[in-house]
Amino acid sequence: MGHQSVRLLEPQPRAPLQAPMRSAHTGPGARRVRNALRVLAVESETHVAKELVRDLWRHGYHAESVATGAQALQQYRNADLLLVDLDLPDLDGVELCRTIRAVCDVPIIVVTSRDSELDRVLSLRAGSDDYVPKPYSLAELIARIEAVMRRVLRQPVTVDEALTIGPLGIDPRAREICLDGRPIEVTRKEFDLLYLLASRPGSVVTREQIMAQVWRDSRSEPGRTIDTHVSSLRSKLGASSWIITARGVGFRLGHP
């Protein structure tokens, strides 16, 4: 079956995931589960999804699953972390990662039976935070989840100094961006990237510096993830001249 394109839905307010088999999670541990990390598994094989969700609940996660890319695009904003299989019936998992990453910074771990170097590279370049090949042990998967969330929950690169560059205002305390007095909706990583560039006016920030300070990852090779975020920021700011590319080096803040 050929993969069909799926239109990304408009962002919806975050709401708690609905727990499967609610009656099984009542009692002394219920409060811990309700306050736990919300995990959405995107897995087309019913028995695999059911076992994964069950194991995650047993380890204190608030988990549920969907079987298609279209369902994932409807529910991903209600999750704190996604586990994505690459083999979905309607949308390739790499394209799903790329589509979500373009508008949202929710952590994504690819969990799949495809274990070629190309699949790994494409998934990471599409914005996934980690890649776990099947078969895997539950202990390893939970360790990967914890490692990804430790990186996500670290303090952002910003400091408390508000910046104003012409009509552009950046307030790190409120984590708000305004252009000509109009608020601009950005993701967490987009905010941190723009603030980093704005805090060094006239200077080129290298791709390696961006990876280390925005993504907190000094080991990975800078890839398309940065370009995707830069492109999104240019679109939201209404002019490509706001972020200037220093070819082969990095980026600097420009002006409209």
Side-chain angles (χ1 to χ4, degrees), residues 8 11 14 76-77 80-82 97-109 121 123-130 147-256:
L8 187 64
R14 293 172 69 93
Y76 74 94
R77 287 190 178 274
D80 298 311
L81 180 138
L82 302 182
C97 291
R98 183 178 295 111
T99 302
I100 292 175
R101 183 57 73 236
V103 296
C104 180
D105 289 320
V106 61
I108 300 172
I109 299 178
V121 170
S123 296
L124 293 171
R125 286 181 174 175
S128 68
D129 297 276
D130 203 349
V148 167
M149 294 311 298
R150 279 197 301 270
R151 294 197 297 267
V152 170
L153 295 176
R154 287 175 182 170
Q155 290 297 316
V157 68
T158 60
V159 295
D160 287 338
E161 180 184 359
L163 300 175
T164 301
I165 303 93
L168 181 67
I170 308 176
D171 183 350
R173 291 183 179 178
R175 294 188 68 79
E176 292 180 348
I177 295 175
C178 290
L179 183 62
D180 291 320
R182 176 175 56 89
I184 305 295
E185 295 292 333
V186 296
T187 66
R188 185 180 69 251
K189 285 292 190 291
E190 287 171 354
F191 182 94
D192 291 344
L193 173 55
L194 186 62
Y195 189 92
L196 175 61
L197 298 178
S199 67
R200 302 183 183 183
S203 299
V204 172
V205 182
T206 68
R207 289 175 174 270
E208 290 74 17
Q209 290 172 327
I210 292 172
M211 287 297 297
Q213 297 189 48
V214 175
W215 272 267
R216 304 289 184 178
D217 185 352
S218 59
R219 294 174 298 177
S220 298
E221 287 291 327
R224 293 293 301 173
T225 297
I226 296 177
D227 296 303
T228 298
H229 283 70
V230 167
S231 176
S232 178
L233 277 172
R234 285 169 171 164
S235 176
K236 291 178 180 181
L237 293 173
S240 60
S241 57
W242 270 114
I243 301 179
I244 306 300
T245 300
R247 191 173 299 279
V249 180
F251 302 91
R252 66 176 174 84
L253 192 71
H255 54 79

Within a strict 4.5 Å, meaning less than it, do heavy atoms of the [X] and [Y] side chains meet?
X      : Y      : value
Asp129 : Arg101 : yes
Arg125 : Thr225 : no
Tyr195 : Gln213 : no
Leu82  : Ile109 : no

Any donor-acceptor N/O pair, Asp171 side chain to Arg173 backbone, under 3.5 Å:
yes
In Å and rounded to the nearest 0.5 Å, what is the [atom1] to [atom2] distance from [X] to [Y]?
X      : Y      : atom1 : atom2 : result
Leu194 : Ser232 : CG    : OG    : 11.0 Å
Asp192 : Leu197 : CG    : CG    : 11.0 Å
Asp130 : Leu81  : CG    : CG    : 10.0 Å
Ile226 : Leu193 : CD1   : CG    : 7.5 Å

I need the minimum non-hydrogen distance between Ala162 and Pro172, along with the two atoms involved.
CA-CD, 3.7 Å
Closest heavy-atom pair, Gln209 versus Val204, reported as atoms and distance to 0.1 Å, is OE1-O, 4.2 Å
Residue list, side-chain contact (heavy atoms from CB on, under 4.5 Å) with Leu124, at least two apart or on another chain:
Ser128
Using the test side-chain contact (heavy atoms from CB on, under 4.5 Å), find all partners of Glu176 that sit at least two apart in sequence or belong to another chain.
Ala174
Do Ile184 and Cys178 pass the side-chain contact (heavy atoms from CB on, under 4.5 Å) test, and can you show the C-alpha distance, the side-chain angles, and the key distance before you say yes or no?
CA-CA 6 Å; Ile184 305 295; Cys178 290; over 6 Å; no
Show me the donor-acceptor pairs, under 3.5 Å and distance only, between side chains in residues 236-255 and residues at least two apart or in other chains.
unit_1: Lys236; atom_1: NZ; unit_2: Glu185; atom_2: O; d: 3.2
unit_1: Lys236; atom_1: NZ; unit_2: Glu190; atom_2: OE1; d: 2.8
unit_1: Ser241; atom_1: OG; unit_2: His255; atom_2: O; d: 2.8
unit_1: Thr245; atom_1: OG1; unit_2: Arg234; atom_2: NH2; d: 2.8

Apply side-chain contact (heavy atoms from CB on, under 4.5 Å) to the pair Thr228 and Lys189, showing each step before the final yes or no.
CA-CA 11 Å; Thr228 298; Lys189 285 292 190 291; over 6 Å; no
The test is side-chain contact (heavy atoms from CB on, under 4.5 Å); show your working for Ile170 and Phe191 and say whether it passes.
CA-CA 9 Å; Ile170 308 176; Phe191 182 94; 3.7 Å; yes
